[in-house]
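Read the structure below first, then the notes.
In this text, all values refer to a predicted model and were calculated from it rather than measured experimentally. Naming convention: chains lettered A, B, ... in sequence-line order (proteins, then strands); numbering from 1 in each chain. FYI, side chains are in, hydrogens and waters are out, and symmetry mates aren't considered; it's all heavy atoms of this structure.
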Protein chains: 2
Amino acid sequence: MKNAEHQTKSDRTRAAIVAAAQEVFAAKGYEQATVRDIAARAAIDPAMVIRYFGSKDALFARVAVFDLKLPDLKAGDGNRIGETLVRHFLSVWETDANGGFAVLLRSAASNEFAAKKLRDVFAGQVLPALARVGGTARAAERAGLVSSQLLGLALCRYVLKLPPVVAMPRESIIGAVGKTIQRYVTGR
Amino acid sequence: MKNAEHQTKSDRTRAAIVAAAQEVFAAKGYEQATVRDIAARAAIDPAMVIRYFGSKDALFARVAVFDLKLPDLKAGDGNRIGETLVRHFLSVWETDANGGFAVLLRSAASNEFAAKKLRDVFAGQVLPALARVGGTARAAERAGLVSSQLLGLALCRYVLKLPPVVAMPRESIIGAVGKTIQRYVTGR
DNA sequence: GTCTATAATTCGATAGAC
DNA sequence: GTCTATCGAATTATAGAC
């Protein structure tokens, strides 16, 4: 008897593999993460990982998805768009530290599939949201500058773990980087 | 007869391996670059790479060095520190696209040795240079913010190849990002 | 100095018993 | 559904002939 409420053993195994894959891919990147690592983390046999997802590539594709869930920037205070964006960005990371974004950022520099996925997030989520505010003039350039600062921040704070960037209080970052994003979005 | 002017055959082979290693490591990252790739690029036998450098790790360590060669920021116009820094940063990359910085940035997200090297560049080169200007108050935080923007820019323009960031003219980047760096360095 | 041959691992993936 | 056993390919690194 299968229905939406009852979780079969297969469902639980599948979910355990996905969770383990997120953790291992986010921690080591695509190449250094092995099917054996993921299986060990999920406390199952390595053969099960392949059986459930077909290949390491397919499992990575399943886990390398990311929804920024950007709020409507036109709804709030136009002078606080930068602050809102940085705050939202930090929240997304910190509430889901092993989620799709961590997986993508960890692998994107040396894995073309992950790099393309990140470019898709830019084109499909960041660019449209920013084009709605600050006018459409040079929207792509403005979105590119915003992305360079936000990706650089995530890289330094969560991946490279640059000590002063790790130590900075959340509100200090929102203040300092928020002003930068605000200028990029509105052109001052 | 060996002296500083005469380049032996060994020297030429060694130099060819280093050049090939820089290209391959910068293009594919540490894990995906193989000794066979590097040997093929240098048009020699894979065994020679190990013979000359001992191991893949040792060769990577030889190539993963980076000198930012930062100018004295106190000498120039205090209102153009940001512009100067961005211009210098872009020049360093573009005149040495396969140099140590490209090698480091490509591998740092998934290789702890490369990540530590990047942190060392920050602590040994960026932080001291910025501590000399804008006062010593919170110099580490200011240097961290500067690094987040510059690393993010390099990541988007040269590694991820985010289209609008790749397409932006050099001078536009220097103008827009320079203002950001200037604010981070001087605190407005 | 250079290359052939290969050792020793490690990986993703498969076959088949239970 | 799950696991044991293993295959075949790829890797770094070494030994030794030339």
Side-chain angles (χ1 to χ4, degrees), chain A residues 1-3 6-64 103 106-107 110-114, chain B residues 1-3 6-64 103 106-107 110-114:
Chain A
M1 192 183 112
K2 247 199 246 181
N3 58 43
H6 185 62
Q7 197 183 37
T8 68
K9 190 166 187 186
S10 278
D11 291 336
R12 285 196 300 274
T13 300
R14 176 173 288 266
I17 294 172
V18 168
Q22 283 183 324
E23 292 175 27
V24 177
F25 281 134
K28 319 215 300 188
Y30 175 80
E31 284 88 13
Q32 282 207 319
T34 69
V35 171
R36 286 167 169 81
D37 285 339
I38 294 167
R41 173 81 58 140
I44 58 167
D45 191 90
M48 300 295 291
V49 175
I50 301 296
R51 177 175 173 85
Y52 273 77
F53 290 91
S55 70
K56 179 185 175 182
D57 279 29
L59 177 57
F60 186 73
R62 164 67 181 78
V63 169
V103 170
R106 181 74 72 175
S107 298
S110 55
N111 182 278
E112 177 53 26
F113 177 83
Chain B
M1 194 181 111
K2 246 200 248 182
N3 57 44
H6 185 63
Q7 198 182 37
T8 68
K9 191 166 186 186
S10 279
D11 291 336
R12 284 195 301 275
T13 300
R14 177 174 286 266
I17 294 172
V18 168
Q22 283 183 325
E23 292 175 27
V24 177
F25 281 133
K28 319 217 297 188
Y30 175 80
E31 285 88 12
Q32 283 208 318
T34 68
V35 172
R36 285 169 169 79
D37 286 339
I38 295 167
R41 174 80 59 140
I44 59 167
D45 191 90
M48 299 296 290
V49 175
I50 302 296
R51 177 174 173 86
Y52 272 77
F53 290 91
S55 70
K56 179 185 176 181
D57 280 28
L59 176 57
F60 185 74
R62 164 68 180 79
V63 169
V103 170
R106 181 74 72 175
S107 297
S110 56
N111 182 278
E112 176 53 26
F113 177 82

Selection: residues 19-53 of chain A, any non-hydrogen atom under 4.0 Å of DNA chain D = A:D45, A:A47, A:M48, A:R51, A:Y52
Flag the pair A:N111 / A:F60 as yes when at least one side-chain heavy-atom distance between them is below 4.5 Å, and no otherwise.
-> yes
A:I44 CD1 to A:R51 CZ distance, which is reported to the nearest 0.5 Å = 11.5 Å
Aromatic plane relationship, B:Y30 with B:F25 - under 30° parallel, 30 to 60° tilted, over 60° perpendicular | parallel
Hey, could you give me the CZ/CD1 distance between A:R62 and A:I17, rounded to the nearest 0.5 Å?
-> 11.0 Å
N or O in side chain of A:S55 less than 4.0 angstrom from C:dG12 OP1/OP2 | no
Whole-Å distance between D:dA10 P and A:K56 NZ?
-> 15 Å
May I ask you to decide if A:Y52's main-chain N or O and A:R14's side chain share a donor-acceptor pair within less than 3.5 Å?
-> yes
